[in-house]
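First the structure, in the form of structure tokens, and then the observations on it.
Every chain is numbered from 1, with letters handed out A, B, ... down the list of sequences. Every value quoted in this text rests on a predicted model; they were computed, and no experiment measured them. Side chains are part of it too, since the values below use all heavy atoms of this structure and drop only hydrogens, waters and symmetry mates.
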2 protein chains.
Amino acid sequence: MSETTVSKRAPKLLRQTSTGRVAAMLRDQILSGALPEGMQLRQEKLAAELGVSRVPIREALHQLEAEGLVRLETHKGAVVSGLSIDDLEEVYEIRARLETWLLELSMPLLTQQDYARAEALLATMAEDQQDEHWSSLNWNFHSALYAPANRPQTLELIRKLYLNAYRHFPLPIRLTGGRDRMHREHELLLKLCREGDVQRAKDHLEQHILMGARQLISRLKAMRRRDADHS
Amino acid sequence: MSETTVSKRAPKLLRQTSTGRVAAMLRDQILSGALPEGMQLRQEKLAAELGVSRVPIREALHQLEAEGLVRLETHKGAVVSGLSIDDLEEVYEIRARLETWLLELSMPLLTQQDYARAEALLATMAEDQQDEHWSSLNWNFHSALYAPANRPQTLELIRKLYLNAYRHFPLPIRLTGGRDRMHREHELLLKLCREGDVQRAKDHLEQHILMGARQLISRLKAMRRRDADHS
DNA sequence: CGCTTGAACATTGAATGCAATTTTATTACG
DNA sequence: CGTAATAAAATTGCATTCAATGTTCAAGCG
């Protein structure tokens, strides 16, 4: 046997490629806001930081471009993409359409376990003061209510819209002032689901999404104005 | 007038990269059905055919993977992805939700020019016996009705869903028997829009999409069964 | 002083080469 | 004859290298 055993550390499920790792890494950084919109992504710099050559970097960037997270301009490089205010509003409108639809489908199918899970998530969100995981907990709560609808593609589509829109709101304004309101709205939504009032539940969810978006966007506008003035 | 093409994107007269050419080429081939679902895409073969090295091929494949047109498995290669029957049905359901929404938004804003354009498209579809361009004409007709809603992201999303679903229906069954029915439904839709009956127009559009899907899918099922038996 | 020019530099785009992995072919054995 | 073991071939993943393009900046000219 060829004795090439160079102390290969437990390979396990290390079936991941460099390109995949790089893509996942960059995706996380962008969606978390660590790489702000407009930031230039230099291939060589990334390659050095991540310890790979430029080839997997480029492959990952092409993936992210198709996902809409970066813009690639020929011979100029990659830039973290941004969404205009109009784009953001439209994303929330799409969410409102699709989420109310999923809720309508899933409401008759919700079990006590689903409700228990949703309530547990609400409790966790209320307790956690760090705001760190609020975004993902919030998504988990919403998706828990839609899961019985059994529309995996729709759910995945909404998830991407949610994450991609959310990153544009810097942490300071994501929850400011809205935390209690959000909690009350979530509880009301759950109550309406339990009561089986489909129409009111849908209307409430639509308002929850659209009004939340409007609030966030108005704060974002104010912040951008302030930034523009300051500079 | 606004009788130009629907492409609102920037004129892509910029330097085109090999990767971009390859991606566009493969995308066309896949969406047109020339590369059938399940087909293996060999990097070296594609590179030879297109006269480039494997690098741009790989970058293009990563783009197409993010677009959902191919599946990439580590060290095994790329295959043209397929949609299950359930997936197809779900795609049409999403279309029904979003298209009825856009129609509701745009109906009050439709002008005589919009109607004229839609009717011209219908006429072209009726005349053209080749079925060659029917798919894109059909899309142009639908999108013409939604354009005034001014929801570019939604429109683009629907377009992708439409094209990506349509390719799974082989040419022989795309129109069989349904051509006249489609034409009548399109004319009725236009009539309802002109009359300003939002609710009936939305309901009709929803039925148009969902029933069309059901018809196509049942034919597809039959065909797959027959194929399975034959082999 | 402002503007153009162009050359050095920086960055991206693509080809080549090689290692890692999978697939196919071949052989050994029951 | 069928099946497991194994070598050979094919294929992918990635690093390196070279080519093409964009950017910067200083010198030359009005």
Subject >> Qualifying residues under side chain to side chain donor-acceptor pair (under 3.5 Å), relative to Q153(B), sequence neighbours excluded >> reply: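 Counting only residues at least two positions away or on another chain, Q153(B) forms no side chain to side chain donor-acceptor pair (under 3.5 Å).
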Subject >> Interatomic distance, I57(A) CD1 vs dG13(C) P [rounded to whole Å] >> reply: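 Answer to the nearest Å: 13 Å.
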**OP:** Only counting residues at least two apart or in another chain, list the ones meeting salt bridge (Lys or Arg N to Asp or Glu O under 4.0 Å) with K76(A).
**Re:**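 So K76(A) forms no salt bridge (Lys or Arg N to Asp or Glu O under 4.0 Å) with any residue.
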**OP:** Just jot down the salt bridge (Lys or Arg N to Asp or Glu O under 4.0 Å) partners of R58(A), sequence neighbours excluded, or say none.
**Re:**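 Checked R58(A) against salt bridge (Lys or Arg N to Asp or Glu O under 4.0 Å); matches are E59(B).
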**OP:** Could you run through nucleotides 9-20 of chain D and give me one letter per nucleotide, 5' to 3': B if any protein heavy atom sits under 4.0 Å from the base, S if only the sugar-phosphate is that close, - if neither?
**Re:** --SBBSBB----
Original post:
Among all residues two or more places apart in sequence or in another chain, which pass the side-chain contact (heavy atoms from CB on, under 4.5 Å) test with V79(A)?
Top reply: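 With neighbours one apart ignored, the set is Q40(A).
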Subject >> Residue pairs involving residues 138-160 of chain A (criterion ring-ring contact (aromatic ring centres under 6.0 Å, His included); sequence neighbours excluded) >> reply: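 Residue pairs passing ring-ring contact (aromatic ring centres under 6.0 Å, His included), neighbours aside: W139(A)-Y162(A), F141(A)-H186(A), H142(A)-H186(A), H142(A)-H208(A).
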